[in-house]
Q: 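What follows is a single structure, and I will ask about it in a moment.
Read the numbers this way: they start at 1 and go in the same order the structure lists the ligands and their atoms.
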Amino acid sequence: MPFTRGFKGRGAAVRDPRLPPGQYDIGRDWPVLSAEATPTLSTSSWTFAIEGLVRQPTTWTWDEIHALPAATYQGAIHCVTTWSKFGVTFAGVSVDTLLAAAEPLPSASYVVAFSTTGYTTNVPLADVTDGKAWVVWDYEGRPLQAEHGGPARLVVPHLYFWKSAKWVAGLRLLDHDEPGFWEVNGYHNLGDPWREQRYQGD
Ligand SMILES: Nc1nc2c(c(=O)[nH]1)N[C@H]1C(S)=C(S)[C@@H](COP(=O)(O)O)O[C@H]1N2
Ligand SMILES: [Mo]
């Protein structure tokens, strides 16, 4: 049931409780925000790799990743530029499924997600495990559009959307934190929208 705007007490507007601080509901729009030109990637040569501190470095082809158990994320996404979008549905595979195959070593505590374009973004390993992150290729029942990261992107919806690397090619597991593209350019290292961690020092 959609949240209804209303008033509480003497005219204090009730804020949608799903909106993190400083965010607004963009509705049906979905802006494209890319640092790079949209690459043209063929699913016939597409691969996704988990490498670094894992017992079984693993690479999946397009067909192989589709053969894994399907998983869906339905909920909100929050961009650091202050828009949030509710009720989005992405389908793909849970990062948990991929990590289970690759078997992280006990020393693995950080992740760098990397894209075919060279884009990178860092997250603690704990922020992509236990149902918190997905590699997705389907948006609202259709193939993910190239400008939104298709054939496949990472989705880490509990963090600002810059952590959701478009055209994702893999995850590298590390024993130390390694800030990515936006993080070295002043964005917050973690990016929790509920703590409004937009920029370094927030
Ligand atoms: N490869 C890549 N992934 C990226 C980005 C980018 O520039 N390049 N931008 C990030 C940012 S800042 C946001 S808000 C979202 C935007 O995704 P969208 O264009 O599908 O809205 O992608 C994130 N992932
Ligand atoms: Mo963003």
Side-chain angles (χ1 to χ4, degrees), residues 18-43 45-51 65 72-93 95 110-124 127-128 132-172 178-202:
R18 300 173 304 173
L19 265 182
Q23 297 291 111
Y24 73 96
D25 182 351
I26 200 167
R28 295 177 58 83
D29 291 351
W30 189 10
V32 171
L33 289 151
S34 305
E36 323 91 298
T38 297
T40 305
L41 303 173
S42 163
T43 55
S45 55
W46 182 93
T47 58
F48 182 88
I50 297 195
E51 58 185 52
I65 206 165
T72 295
Y73 169 71
Q74 189 155 32
I77 54 178
H78 309 290
C79 178
V80 70
T81 61
T82 74
W83 57 263
S84 291
K85 187 169 170 59
F86 295 116
V88 305
T89 305
F90 288 110
V93 64
V95 169
Y110 293 94
V111 174
V112 169
F114 54 93
S115 301
T116 56
T117 54
Y119 185 87
T120 55
T121 187
N122 59 313
V123 278
D127 282 273
V128 294
K132 293 199 278 300
W134 293 262
V135 172
V136 305
W137 44 79
D138 179 299
Y139 171 73
E140 311 288 348
R142 296 222 176 94
L144 181 67
Q145 293 161 271
E147 59 267 35
H148 287 299
R153 76 181 298 163
L154 188 65
V155 171
V156 191
H158 74 290
L159 300 176
Y160 284 123
F161 210 37
W162 87 78
K163 299 289 182 176
S164 295
K166 303 199 282 189
W167 315 296
V168 71
L171 304 179
R172 189 172 307 125
E178 210 171 276
F181 178 82
W182 287 116
E183 293 83 7
V184 299
N185 282 294
Y187 283 77
H188 196 276
N189 210 47
L190 180 60
D192 178 352
W194 295 97
R195 290 189 272 168
E196 212 169 352
Q197 295 172 333
R198 298 179 194 275
Y199 309 107
Q200 272 171 42
D202 284 351

Q: Is Trp167 touching ligand 1 with its side chain, its backbone, both, or neither, if touching means heavy atoms under 4.0 Å apart?
A: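 Within the 4.0 Å criterion, Trp167 contacts ligand 1 through side-chain atoms alone.
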Q: Any nitrogen or oxygen of Cys79, side chain or backbone, less than 3.5 Å from one on ligand 1?
A: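 By distance alone, the answer is no.
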Q: At less than 4.0 angstrom from any non-hydrogen atom of Trp30, what atoms of ligand 1 do you find?
A: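 Those atoms are 18 (P), 20 (O), 21 (O).
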Q: Look at atom 5 (C) of ligand 1 and find which of Tyr119, Phe161, Phe114 reaches it with the closest heavy atom.
A: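 Residue with the shortest heavy-atom distance to the ligand atom: Tyr119.
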Q: Starting from atom 3 (N) of ligand 1, find the nearest protein heavy-atom neighbour and note its residue, name and distance.
A: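 So the nearest neighbour among protein heavy atoms is Lys166 N, 2.9 Å.
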Q: To which protein heavy atom is atom 22 (O) of ligand 1 closest, and what is the distance rounded to 0.1 Å?
A: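 Protein heavy atom at minimum distance: Arg153 NH2, 3.1 Å.
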Q: Taking the six-membered ring for Trp and the single ring otherwise, decide whether the centroids of Tyr187 and Tyr199 are under 6.0 Å apart.
A: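 Yes, close enough.
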Q: Any heavy-atom pair between the side chains of Asp192 and His158 that's under 4.5 Å?
A: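 When only atoms from C-beta onward are counted, Asp192 and His158 do not touch, as no gap falls below 4.5 Å.
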Q: Return a yes/no value for His148: is any of its N or O atoms, backbone included, closer than 3.5 angstrom to an N or O of ligand 1?
A: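 Yes - when backbone and side-chain N and O of His148 are compared with those of ligand 1, one distance drops under 3.5 Å.
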Q: Using distance alone, determine whether Ser164 and ligand 1 share an N or O pair under 3.5 Å.
A: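 Yes: some nitrogen or oxygen of Ser164 is under 3.5 Å from one in ligand 1.
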Q: Counting only heavy atoms closer than 4.0 Å, does ligand 1 sit against the backbone of Ala35, its side chain, both, or neither?
A: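 Both backbone and side chain.
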Q: Is Asn122 reaching over with its side chain to a backbone N or O of Gly180, donor-acceptor style, under 3.5 angstrom?
A: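 Checked: pair present.
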Q: Ligand 1 versus Lys163, non-hydrogen atoms closer than 4.0 Å: side chain, backbone, both, neither?
A: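 Looking at Lys163 and ligand 1, no heavy atom falls under 4.0 Å.
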Q: Nearest 0.5 Å, please: how far is CG in Asn185 from CD in Gln200?
A: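 Rounded to the nearest 0.5 Å, the CD-CG separation comes to 9.5 Å.
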Q: Evaluate Tyr160 against Glu196 for side chain to side chain contact (heavy atoms under 4.5 Å, CB included), listing each step before the verdict.
A: CA-CA 9 Å; Tyr160 284 123; Glu196 212 169 352; 3.7 Å; yes
Q: Leu33 to ligand 1: N or O pair under 3.5 Å?
A: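 Yes; at least one N/O pair falls below 3.5 Å.
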